[in-house]
Amino acid sequence: MAQETIAVIGGTGDLGYGLALRWAKAGETVIIGSRDPAKAQEAATHLKTALANATVSGLANADAAAQASIVVLAVPFAAQAAILKNIKGAMKDAILVDTTVPLATSVGGKPTRMLGVWEGSAGEAARDLVPGIQVVSAFHNVSAEVLQDLSSTPDCDVFVSGDDAAAKERVSALVKLIPGLRPLDAGPLEMARITESITALLISLNRRYKVHHSGIRITGLAE
Ligand SMILES: NC(=O)c1ccc[n+]([C@@H]2O[C@H](COP(=O)([O-])OP(=O)(O)OC[C@H]3O[C@@H](n4cnc5c(N)ncnc54)[C@H](OP(=O)(O)O)[C@@H]3O)[C@@H](O)[C@H]2O)c1
């Protein structure tokens with residue numbers, strides 16, 4: 001695969017840091033984005049203490065997005081629109097990977113409930129917020145906790161939804177860089193309506209089975 005420069009917007013947070021760590025481990029160039037550049041640099045320094053050979057830096061979100069070939073958005077749903085408005089002008093021919101799950105926690109509700117999103121899903125809302133940029137929806141069902149623990153191997157399929165086959169292939173290649181994750185082409189971006197809501201189901205299962213890392217596997221597909 002072509003070497004990508006991956007900006008993780010919200011890479012100081014649970015999912016974003018876990019993805020940054022895994023891609024840095026795979027040898028990719030990673031830029032951690034934050035609303036606060038000092039916080040981003042701190043996270044990059046922390047990552048380098050875990051992986052001395054990592055190619056990682058920390059920048060303000062828009063500066064990170066400006067340098068990337070793939071921009072991964074890993075922020076709470078409540079922050080999605082504001083952050084996309086902040087970075088969209090800086091993105092240059094990059095693919096946007098939206099990981100946002102519109103959980104009801106964004107408005108003080110339960111983490112096992114989804115919010116209704118006018119556009120149909122957070123992924124489709126992202127597409128409307130960044131016209132002209134290819135949006136791929138992925139990584140909603142992966143446990144951040146497992147990603148952050150390099151002694152653990154994730155066990156999860158990653159549904160990749162989007163309207164451009166080439167963009168989905170590039171994102172699927174990033175999924176394959178993380179051992180234990182399998183990318184599955186879930187179809188057009190509107191399938192994010194379903195894949196995002198699986199997260200609420202997994203959170204419910206985590207609670208009932210007292211774990212933090214349930215995932216999802218689809219059977220019956222040819223490899
Ligand atoms: N955690 C998981 O296991 C998991 C799994 C799959 C999908 N997701 C989805 O991935 C996204 C990120 O989840 P997360 O658990 O990583 O979130 P998080 O740790 O709560 O936040 C991620 C980052 O978002 C940034 N941010 C920007 N605006 C914010 C605001 N108004 N309030 C709070 N933080 C803000 C913060 O970075 P700065 O302060 O540095 O700007 C923060 O470090 C969510 O949409 C979530 O549903 C999470």
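Counting convention: from 1, in listed order, for ligands and their atoms alike.
Asn141 places no side-chain N or O within donor-acceptor distance of the main-chain N or O of Ile216, the cut-off being under 3.5 Å. For the pair Glu196 (side chain) and Ala122 (backbone), a donor-acceptor distance under 3.5 Å is present. One N or O on the side chain of Gln3 and one on the backbone of Gly27 form a donor-acceptor pair closer than 3.5 Å.
Summary of contacts: the protein heavy atom closest to atom 47 (O) of ligand 1 is Val101 CB, 3.3 Å. Here the heavy atom of the protein found nearest to atom 6 (C) of ligand 1 is His140 O, 3.0 Å. The protein heavy-atom contact nearest to atom 42 (C) of ligand 1 is Thr12 OG1, 3.8 Å. Among all non-hydrogen protein atoms, the one lying nearest atom 44 (C) of ligand 1 is Val75 O, 3.3 Å. The protein atom (non-hydrogen) at minimum distance from atom 22 (C) of ligand 1 is Ala74 O, 3.4 Å. The shortest contact between atom 5 (C) of ligand 1 and any protein heavy atom is with Val142 O, 3.1 Å. Remark: minimum distance from atom 2 (C) of ligand 1 to any protein heavy atom is reached at Ala144 CB, 3.5 Å. The shortest contact between atom 16 (O) of ligand 1 and any protein heavy atom is with Leu15 N, 2.8 Å.
Qualifying side chain to side chain contact (heavy atoms under 4.5 Å, CB included) partners for Ser197, counting only residues two or more places apart in sequence or in other chains: Met114. In this structure, the side chain to side chain contact (heavy atoms under 4.5 Å, CB included) partners of Ala94, at least two apart in sequence or on a different chain, are Val71, Met91.
Environment of CZ in Arg193: crowded, with over 12 heavy atoms of neighbouring residues, nucleotides or ligands closer than 6.0 Å. The environment of Arg208 atom CZ is sparse: at most 12 non-hydrogen atoms of other residues, nucleotides or ligands sit within 6.0 angstrom.
Judged by the shortest distance from any of its heavy atoms, Ala78 lies outside the 4.0 Å radius around the atoms of ligand 1. Contact annotation: Asp36 has no heavy atom less than 4.0 Å from any atom of ligand 1. Residue Thr99 places a heavy atom less than 4.0 Å from ligand 1.
Close contacts between ligand 1 and Gly13 involve ligand atoms 16 (O), 19 (O), 22 (C), 43 (O) [criterion: under 4.0 Å to a heavy atom]. Heavy-atom proximity to Ser34, at under 4.0 Å, picks out these atoms of ligand 1: 38 (P), 40 (O), 41 (O). Under a 4.0 Å criterion applied to the non-hydrogen atoms of Ala79, ligand 1 contributes the atoms 27 (C), 28 (N), 29 (C), 30 (C), 31 (N). The contact set between ligand 1 and Phe139, taken as ligand atoms under 4.0 Å from a residue heavy atom, comprises 6 (C), 7 (C).
Taking any N or O of Gly33, backbone or side chain, none lies under 3.5 Å from an N or O belonging to ligand 1. Among the atoms of Arg35, some N or O lies under 3.5 angstrom from an N or O of ligand 1. Note: no N/O pair closer than 3.5 Å links Asn141 and ligand 1 by distance alone. Note: an N/O pair closer than 3.5 Å links Lys39 and ligand 1 by distance alone.
Checking Thr105, Leu103, Val107, Leu115 one by one against Phe77, the side chain to side chain contact (heavy atoms under 4.5 Å, CB included) holds for a single residue, Leu115.
Residues Gln148 and Asp14 have side chains in contact (heavy-atom distance under 4.5 Å, counting atoms from C-beta outward). The side-chain heavy atoms of Arg182 and Ile218, taken from C-beta on, include a pair separated by under 4.5 Å.
Between Phe139 and Trp23, the two ring planes are perpendicular [angle over 60°; tilted spans 30° to 60°].
For atom 21 (O) of ligand 1, the nearest non-hydrogen atom from the set Ala82, Pro76, Gly10 belongs to Pro76.
A distance of 5.5 Å separates OG of Ser137 from CG of Asp98, quoted to the nearest 0.5 Å. Here the CG atom belonging to Leu205 is positioned 11.5 Å from the NE2 atom belonging to His213, to the nearest 0.5 angstrom.
At a 4.0 Å heavy-atom cut-off, ligand 1 does not touch Tyr17 at all.
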